[in-house]
Structure formats: structure tokens, C-alpha cells
Amino acid sequence: MVKPFSMGAVLTYRKRLKDQAVSSFQLAQRERNSAEEACIAKRNEYAVLVDTLSKLEIEGIAVDEHIRYQNRIEFVTAELIKHEETLKKKTETVLLRRKQLTKRRKEERALEKLKEKQNAEYLKFIDKKESAMLDEIALIHRGRHDSPEPDNLP
């Protein structure tokens, strides 16, 4: 048996892939959080506009000002829809990056187990070889002591 393939380079490469997956996942989370904050801000802006318009309608508002508020509300609604679509895409990206990261972690663990198994098998092989050599040395040594000495021959 030959010493097993050194998995150091493979493990290093896989660790780098996992680290990249971690970075991508963290970036995707930050972008998703940013999109969520923008969405919340737009929802708040929309709520303030609607609330303000309602109060002004009760107090009395000029037609042109009412039209401006309506136009602004429509504009903010359109922006809110865009922000919600962006948030949805960012959430999907986070889920995809999480799956990729999970896959990379599983691959890394599998390779670590394979490396440990290979090393254990190689050490077992070496132990067997060493035991066989020691047995052979013992037989040779015993053979010298069991044979008659040349001086004791008749």
C-alpha cells in the first residue's frame, strides 16, 4: 500500500470555496437587510402621506394641493412596489447563498472524514508492516539461539 493521496491541497481549496460562500452569504444578507430597510422607509412614507392627506381632507384642502398629494402617493406606491420586488429578489438570493454555503460545509466535512479514514487505514497498514517486521526479527533472533553452537559440535 502506498501512502494515501495528501488531501491538504484539496482541503485548502474546498476551505477557500467555503469561505467564499460565507462571504457571498453575508453580502446577500446585508443587501437583503438594506432592501428591507428601504421597504420599511417607503411604507412609512406612504403611511405618513395617507395620514396627512386624510387630516387635510377633514380640515379642508385646496384641489391643487389634493392632486399633488394624490400624485405623490401614487409615486410612492410605485416605488414601494419596486422596493418590495427588490426585497423579494434579495430574499431569494439569500436562500440560494444559504444552500450553497450548506453544500460547501457538507463537502468540507465529508473530505475531512475521508482524510481521517485514509490516515487511519494507512496507520493500520504501517502498524501491520511493523508488527510483521518485528515478528521476523524475533524469528531470526530465536533461530540464532536455538541452533547449536559450532564449538559444541561432535
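When a residue number appears, it is its place in the shown sequence, counting from 1. Not measured: the values here are computed from a predicted model.
Under a hydrophobic clustering in which Ile, Leu, Val, Met, Phe, Trp and Tyr are joined whenever their side-chain heavy atoms come within less than 4.5 Å, directly or via other members, Phe75 and Ile81 fall into different clusters. Note: the hydrophobic cluster containing Leu17 does not contain Leu101 (ILVMFWY, side chain heavy atoms under 4.5 Å, direct or indirect links).
We find the CD-CD distance between Glu31 and Gln29 to be 11.0 Å, quoted to the nearest 0.5 Å. Note that CZ of Phe25 is 11.0 Å distant from CG of Leu96, once rounded to the nearest 0.5 Å. Distance check: Leu87 CG to Ile40 CD1 gives 8.5 Å after rounding to the nearest 0.5 Å. Put simply, CG on Asn71 and CG on Leu49 are 11.5 Å apart, with the number rounded to the nearest 0.5 Å. For the atom pair OG1 (Thr93) and CD (Gln100), the distance works out to 9.5 Å, reported to the nearest 0.5 Å. We find the CZ-CD distance between Phe125 and Gln118 to be 14.0 Å, quoted to the nearest 0.5 Å.
Counting heavy atoms from C-beta outward, Glu84 and Arg43 have side chains that approach closer than 4.5 Å. Using a 4.5 Å heavy-atom threshold, the side chains of Glu45 and Arg72 count as touching. Residues Leu53 and His66 meet the side-chain proximity criterion, which asks for heavy atoms closer than 4.5 Å. Two residues are said to be in side-chain contact when any heavy atoms from C-beta on lie closer than 4.5 Å; Val94 and Lys89 fail this criterion. The side-chain heavy atoms of Lys15 and Asp19, taken from C-beta on, include a pair separated by under 4.5 Å.
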(message) Test side chain to side chain contact (heavy atoms under 4.5 Å, CB included) on Tyr46 and Val50; report intermediate values, then the result.
(response) CA-CA 6 Å; Tyr46 175 82; Val50 169; 3.6 Å; yes
(request) Could you please spell out the steps behind the side chain to side chain contact (heavy atoms under 4.5 Å, CB included) verdict for Leu56 and Glu65? (result) CA-CA 10 Å; Leu56 289 174; Glu65 193 173 352; 4.1 Å; yes
(request) Walk me through it: do Ser24 and Arg97 pass the test side-chain hydrogen bond (donor to acceptor under 3.5 Å, both in side chains)? (result) CA-CA 7 Å; Ser24 294; Arg97 298 289 184 247; 4.6 Å; no
(request) Run the numbers on Met133 and Glu130 for side chain to side chain contact (heavy atoms under 4.5 Å, CB included), then give the verdict. (result) CA-CA 5 Å; Met133 284 177 29; Glu130 183 180 4; 5.7 Å; no
(request) Start with the C-alpha gap between Thr77 and Lys42, add the side-chain angles, then the distance that decides, and say whether side chain to side chain contact (heavy atoms under 4.5 Å, CB included) holds. (result) CA-CA 8 Å; Thr77 301; Lys42 278 298 165 191; over 6 Å; no
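Closest non-hydrogen pair, Leu80 versus Cys39, comes out as CD1-O, 3.7 Å. For Thr91 against Arg32, the heavy-atom pair with the smallest separation is OG1-NE, 3.1 Å. Shown here for Val22 and Arg105, the closest heavy-atom pair between the two residues is CG2-NH2, 4.2 Å. Minimum heavy-atom separation, Ala35 to Lys90: CB-CG, 4.0 Å.
Looking at Glu107, Glu108, Glu112 one by one, the single match for side chain to side chain donor-acceptor pair (under 3.5 Å) with Arg14 turns out to be Glu107.
At distances below 3.5 Å, not a single donor-acceptor pair connects side-chain atoms of Ser34 with backbone N or O atoms of Arg30.
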